[in-house]
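Heads up, the thing below is written out as structure tokens.
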Amino acid sequence: MIKNSKKIIALIASLVAVILVLVAILVRLQLSGINVFTTKLSKDKENEIKTDGREELLEEIKESYNDGYSTSQILKSIFTKNVVYLSNNRYNFAEINNNLAKSIIDNDKISIDDKTGYYSYEDDKYESVAGVDLSVYQGDVDFSKVKNAGFDYCMLRVGYRTYGGGMVTADANFETYVSDALKNDLDVGVYFFTSAISTAEAKEEAQFVLDAIKPYNITYPVVVDVEEIVSGTSRQESLSVEELTEIVKTFCETIEDAGYDVMIYSNLKGFIANVNLEELEDYDKWFANYDTTPYYPYKFTMWQYSQSGSVDGIDGDVDLDIYLKEK
């Protein structure tokens, strides 16, 4: 009996020791901010962690500013699930639309020539073709020199509708440009700057383009140029997103019905804020963006990457483009 009692006492002592160790562990966990009964962090600890994360983020932002990054660049790097764009001196955040086809560009595959600054692109599926876009503002152009400089196509302004009076007007240099470009074995596409405020006017613009290009071998897209006026007042300012989208669709449908490839030109704000991209998903896009890598989550097949390029045969600055062609 005494022998058994000693065994029981030893067992109890061992259990007490184990319990004391467990209590010590639980107390330490509780002090660290973990609720031992719910396995969740205490409110104080949550707030502490959130504060620490905020401070870390603020420090990263400060370092980015110190490294010369702009506010726009920093916001784009933080809000990766949104398209960040500037409008009326305010930053806007549009949620990325998963119903739209995504960009086909791998930024790591973009190459920039050290001497000329010209861009090129190639991956397993696509390769770029170098081009320029021209209007009367470029003056006299020596297209043989343009061709020898490594460019294979040009996008020519065929005309425009004045954004004040609404008159459909031909580009004064179009006929000279298109003839000379074709003579020098450059592929040609055309674009029309729209200021249409109705689908009837959109049809009028499209028909003007079709009449102007009929005598020529146009092998690159026919483009409707949808962009905001930097200075002055545009006829389209009061249009809703739905109204402008219908105008663009009408132009595109008219051109397509005539057998030409069609494309829409705009910049980030123009595509994200001014039109309904789901309604225009069937049409190729020509995206204007002058960063070293294009900031746009959706598919486009032509990229205007510079508005200040230098090309032999063209006096002054000129827009530079690449067209992404399937291999």
Side-chain angles (χ1 to χ4, degrees), residues 57 60-61 63-87 91-133 149-153 155 189 220-221 223 226-227 263-275 277-278 280-281 283-311 317-327:
L57 178 59
E60 289 178 3
I61 292 173
E63 289 179 5
S64 295
Y65 275 121
N66 287 336
D67 290 339
Y69 289 96
S70 67
T71 299
S72 176
Q73 289 172 315
I74 293 170
L75 290 175
K76 290 172 183 177
S77 68
I78 295 172
F79 296 94
T80 56
K81 294 183 179 180
N82 298 89
V83 181
V84 182
Y85 65 94
L86 193 62
S87 177
Y91 286 102
N92 296 266
F93 302 82
E95 187 174 347
I96 292 177
N97 187 340
N98 291 322
N99 293 324
L100 299 176
K102 297 302 181 285
S103 173
I104 59 176
I105 285 188
D106 178 351
N107 289 340
D108 292 334
K109 304 293 185 181
I110 298 170
S111 299
I112 305 175
D113 188 277
D114 292 334
K115 294 181 179 179
T116 64
Y118 299 159
Y119 286 32
S120 61
Y121 181 87
E122 184 173 7
D123 61 22
D124 293 338
K125 189 173 181 180
Y126 297 94
E127 60 184 350
S128 63
V129 183
V132 294
D133 58 273
F151 293 89
D152 294 309
Y153 76 93
M155 302 297 295
Y220 264 57
V223 181
V226 188
E227 57 183 299
M263 184 177 278
I264 305 166
Y265 170 95
S266 198
N267 59 14
L268 182 65
K269 181 187 173 185
F271 279 132
I272 299 299
N274 295 346
V275 295
L277 285 173
E278 286 198 38
L280 303 173
E281 177 73 342
Y283 305 112
D284 283 344
K285 309 299 188 301
W286 179 7
F287 180 51
N289 179 269
Y290 310 126
D291 297 326
T292 53
T293 56
Y295 178 74
Y296 189 67
Y298 308 122
K299 183 180 178 180
F300 59 94
T301 50
M302 194 178 293
W303 176 23
Q304 185 186 79
Y305 63 85
S306 176
Q307 58 183 343
S308 56
S310 178
V311 176
D317 293 341
V318 64
D319 296 337
L320 302 178
D321 308 275
I322 56 173
Y323 178 67
L324 300 175
K325 183 178 180 181
E326 286 196 52
K327 291 182 174 179

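Index from 1, following the sequence. Because the structure is predicted, anything quoted here is derived from the model rather than measured.
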Checklist outcome for this item: Heavy-atom nearest pair, P294 first then N289, reads CA-OD1, 3.5 Å
Checklist entry - Do N274 and V226 have side chains that get closer than 4.5 Å, going by heavy atoms? => result no
Next on the checklist: Contact between I272 and L277 at the side-chain level, heavy atoms closer than 4.5 Å - yes or no?
Outcome noted: yes
Next on the checklist: Assess the residue pair F287 and I105 against the criterion (side-chain contact (heavy atoms from CB on, under 4.5 Å)); give the C-alpha distance rounded to whole Å, side-chain angles, the decisive distance to 0.1 Å, and a yes or no.
Outcome noted: CA-CA 12 Å; F287 180 51; I105 285 188; over 6 Å; no
Checklist entry - Looking at side-chain heavy atoms only, is the closest gap between V132 and L320 below 4.5 Å? => result yes
Next on the checklist: With rounding to the nearest 0.5 angstrom, report the CG to OH distance, N267 to Y265.
Outcome noted: 7.0 Å
Checklist entry - Does NZ or CZ of K285 come closer than 6.0 Å to the centre of the six-membered ring of Y298, within 45° of the ring's axis? => result no
Checklist outcome for this item: In terms of heavy-atom contacts, A94 and Y85 come closest through CB-CE2, 4.2 Å
Checklist entry - When the ring centroid of Y119 is compared with that of W303, is the distance short of 6.0 Å? => result yes
Checklist entry - If you count the non-hydrogen atoms of other residues, nucleotides and ligands that lie under 6.0 Å from NZ in K81, is the total more than 12? => result no
Item to check | Steps toward side-chain contact (heavy atoms from CB on, under 4.5 Å) verdict (D152, Y323) | outcome: CA-CA 10 Å; D152 294 309; Y323 178 67; over 6 Å; no
Next on the checklist: Counting neighbours of CG on D124 that are heavy atoms of other residues, nucleotides or ligands and sit closer than 6.0 Å, is the number greater than 12?
Outcome noted: no
Item to check | Pairwise distance CD(E127) to OH(Y121) - rounded to 0.5 angstrom | outcome: 11.5 Å
Next on the checklist: Is it the case that atom CD in E95 sees more than 12 heavy atoms from other parts of the structure closer than 6.0 Å?
Outcome noted: no
Next on the checklist: A quick test of your reading: do over 12 heavy atoms of other residues, nucleotides or ligands sit less than 6.0 Å from NZ of K325?
Outcome noted: no
Checklist entry - Of the non-hydrogen atoms in T301 and K299, which two are nearest, and what is the gap between them? => result CG2-CE, 4.1 Å
Checklist entry - So, do E281 and L100 sit near enough that their side-chain heavy atoms are less than 4.5 Å apart? => result yes
Item to check | Note, V83 side chain near L268 side chain (heavy atom, < 4.5 Å) | outcome: yes
Checklist entry - Does the side chain of Y296 reach to within under 4.5 Å of the side chain of S103, using non-hydrogen atoms? => result no
Checklist outcome for this item: Looking only at heavy atoms, the pair that brings Y283 and I264 closest together is CB-CD1, 3.9 Å
Checklist entry - Side chains of W286 and D133: donor-acceptor distance under 3.5 Å anywhere? => result no
Next on the checklist: Walk me through whether K327 and Y126 qualify under side-chain contact (heavy atoms from CB on, under 4.5 Å).
Outcome noted: CA-CA 5 Å; K327 291 182 174 179; Y126 297 94; 5.9 Å; no
Item to check | For the student: nearest non-hydrogen atoms of D319 and Q307, plus distance | outcome: OD1-CA, 3.1 Å
Next on the checklist: I'd like to know if the side chain of D67 and the backbone of Y69 have a donor-acceptor N/O pair within less than 3.5 Å.
Outcome noted: no
Checklist entry - Between atom OH of Y295 and atom OG of S77, what is the distance when rounded to the nearest 0.5 Å? => result 9.5 Å
Checklist entry - Distance from Q304 atom CD to D321 atom CG, nearest 0.5 Å? => result 5.0 Å
Checklist outcome for this item: So CD1 of I78 and CG of L75: to nearest 0.5 Å the spacing works out to 6.0 Å
Checklist entry - Is the shortest heavy-atom distance from the side chain of F271 to the side chain of L280 under 4.5 Å? => result no
Item to check | Minimal non-hydrogen separation, K269 against L86, with atom names | outcome: CD-O, 3.9 Å
Next on the checklist: Side chains of K109 and E122, heavy atoms from C-beta outward: is any pair under 4.5 Å?
Outcome noted: no
Checklist entry - Could you state the interatomic distance from OH (Y305) to OG (S120), rounded to the nearest 0.5 Å? => result 8.5 Å
